[in-house]
Amino acid sequence: MARASDTIALGTALAIGVLGGLGQWATDQVAAEVKTWSVQSLDLFSQAAAVLTAFLVLYAIVQFTKRETAPVESWVPALFAVPCLCIFGGFLAAYYAAQSGTAGMPFTEILFINAWFLVFGMLAGTPALLVWIRAGQAAAQNEPHDLGATLLALQSQFRQILVVRGTKLQAVLVGMQVVLPGIFYALQLAFAEIIAVLKPEQSALRRSGQLTWGMRGRIFRLLALAFVVSNVLAIATLIAVGTATGEGSMSEQFGTLTQAWMTNPGSLGITLLVVQEVVASFVWWVTILAVLVLYNERERQVTATRELKRLLAQKDAPDENPYSPPQ
């Protein structure tokens, strides 16, 4: 059973990587096509995207005002406000570029790929996380992974996990624009998805903040290591795949590929994108399992502390039995 569970998790990581790479490439192609549209078409689509974005932002504001009573599932439409804002920005960038008659920076491609990253990270990342976390927890408890139970959990918990995943993803992404808030959210919400999967009755975002307190230094070192490994492997992929399939000297190819990777990853080509996303997906899977180990350790600490307090309170409580012998 353990081998079957590992195979399922491995296949999920591979599928996420392949689909992620293909999606980035397709999104880049769509963005390139959009930039060839007429000014009138771009203006029309920009206005439509602006109206949709405004509606979703207003919906999110209304949801926030009743956050204490609104069910978790009702937040799902609000998750698409930021992706729609990226789409609107992409159309607007293409519109001004068409008006000025210059190609300019690849803002449309970057913004469209950001929108793809958010939507794909939520919709595809949610079932992947559920499979990885449940399989990892079964292995940690030395139990077989029940695939049927996981599929039932996917059906019943999808929207709840989607909201937690989307909230965390967007908080970190937006926060990373000024770096420190993004790091703070990444540490505070490190356990959020795990809690949403394993303990859906709890408030995942609030509980994650409580559990990560006191061990955020360890979480930071783990996430920093995962970030470094992911980027080193990405550069290694550029060198291995890009220089092997390109023309010119190795240094010229590496410089061109590195610049494209930093400014517009979609332009790297379908082969590089798929290979890079597969590697990134495996790093993500391993990172989730490592975070799960820290979560289980923290839960054991909390349980032990709670039990100790209960025993101490029981010991200090006065004996209310009138027939008990004198001490």
Side-chain angles (χ1 to χ4, degrees), residues 23 27 42-95 107-108 110-130 153-213:
T27 303
L42 291 170
D43 183 35
L44 177 63
F45 277 87
S46 296
Q47 292 181 28
V51 170
L52 181 58
T53 301
F55 170 77
L56 292 175
V57 169
L58 180 61
Y59 180 89
I61 293 173
V62 172
Q63 283 293 109
F64 184 78
T65 61
K66 55 179 184 179
R67 59 189 179 279
E68 299 297 334
T69 57
V72 174
E73 292 80 2
S74 64
W75 283 89
V76 171
L79 298 176
F80 296 91
V82 175
C84 282
L85 181 62
C86 291
I87 294 294
F88 166 65
F91 279 125
L92 202 62
Y95 171 77
F107 292 121
T108 300
I110 294 171
L111 289 167
F112 275 26
I113 287 178
N114 282 340
W116 158 257
F117 171 76
L118 287 171
V119 173
F120 182 77
M122 290 188 295
L123 296 180
T126 295
L129 283 168
L130 191 140
L154 178 61
Q155 181 181 4
S156 62
Q157 296 177 235
F158 178 81
R159 287 184 297 176
Q160 181 179 358
I161 301 172
L162 176 67
V163 171
V164 174
R165 168 67 180 160
T167 302
K168 174 184 174 180
L169 188 64
Q170 296 187 37
V172 174
L173 181 66
V174 174
M176 285 304 294
Q177 304 310 307
V178 287
V179 182
L180 288 180
I183 296 174
F184 170 77
Y185 285 126
L187 299 178
Q188 180 179 358
L189 304 177
F191 296 156
E193 296 138 331
I194 296 174
I195 297 170
V197 171
L198 300 180
K199 296 186 176 180
E201 72 281 358
Q202 296 183 356
S203 175
L205 301 177
R206 184 182 299 112
R207 184 59 176 162
S208 178
Q210 294 170 348
L211 289 178
T212 56
W213 183 262

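Of all the heavy atoms in V163 and V76, the pair that sits closest is CG2-CG2, 3.8 Å. For V164 against L205, the heavy-atom pair with the smallest separation is CG1-CD2, 4.1 Å. Among all heavy-atom pairs drawn from A115 and P83, the shortest one is CB-O, 3.6 Å. The shortest non-hydrogen separation linking V197 to P200 is O-CD, 3.9 Å. The shortest non-hydrogen separation linking L111 to G90 is CD1-N, 3.5 Å.
Although no hydrogens or angles enter the test, the distance criterion places no donor-acceptor pair under 3.5 Å between the side chain of Q170 and the main chain of L118. The backbone N or O of A93 lies less than 3.5 Å from no partner atom in the side chain of T108, so there is not a single donor-acceptor pair. A donor-acceptor pair is defined here as one N or O able to donate and one able to accept, closer than 3.5 Å; such a pair exists between the side chain of S74 and the backbone of P71. Between the side chain of Q202 and the backbone N or O of A196, no donor-acceptor pair lies under 3.5 Å.
Scored by the ring pair (Phe, Tyr, Trp, His ring centres under 6.0 Å) test, F120 finds W116 as partners (sequence neighbours excluded).
For the ring-ring contact (aromatic ring centres under 6.0 Å, His included) condition, no pair includes a residue of residues 154-185, sequence neighbours left out. Contacts classified as salt bridge (Lys or Arg N to Asp or Glu O under 4.0 Å) and involving residues 178-195 (residues at least two apart or in different chains) are given here: R165-E193, K168-E193.
Between atom CZ of residue F80 and atom CG of residue L56 there is a gap of 9.0 Å, rounded to the nearest 0.5 Å. One distance of note links OG of S208 with CG of L189; it measures 5.5 Å at 0.5 Å rounding. Interatomic distance, L154 CG to L129 CG, rounded to the nearest 0.5 Å: 11.5 Å. Taking CG of L162 as the reference point, atom OG1 of T126 lies at 4.5 Å (rounded to 0.5 Å). The CG atom of L52 lies 14.0 Å from the CD atom of Q47; values are rounded to the nearest 0.5 Å. With rounding to the nearest 0.5 Å, the separation of CG in L92 from CG in D43 is 9.5 Å.
The 12-atom threshold is not exceeded at CZ of R159, counting heavy atoms of other residues, nucleotides or ligands nearer than 6.0 Å.
M176 is listed as a side-chain neighbour of I183, based on a closest heavy-atom distance under 4.5 Å. F112 is not listed as a side-chain neighbour of F107, based on a closest heavy-atom distance of 4.5 Å or more. Residues K66 and E68 fail the side-chain proximity criterion, which asks for heavy atoms closer than 4.5 Å.
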Going through the distances and angles, do L130 and I161 end up as a side chain to side chain contact (heavy atoms under 4.5 Å, CB included)? CA-CA 8 Å; L130 191 140; I161 301 172; 3.3 Å; yes

Mind running side chain to side chain contact (heavy atoms under 4.5 Å, CB included) on F117 and L169 for me, showing each step along the way? CA-CA 10 Å; F117 171 76; L169 188 64; 4.1 Å; yes

What's the verdict on side chain to side chain contact (heavy atoms under 4.5 Å, CB included) for W75 and Y59, showing C-alpha distance, side-chain angles and the deciding distance? CA-CA 9 Å; W75 283 89; Y59 180 89; over 6 Å; no

Would Q63 and R67 count as a side chain to side chain contact (heavy atoms under 4.5 Å, CB included) here? Give the steps. CA-CA 6 Å; Q63 283 293 109; R67 59 189 179 279; over 6 Å; no

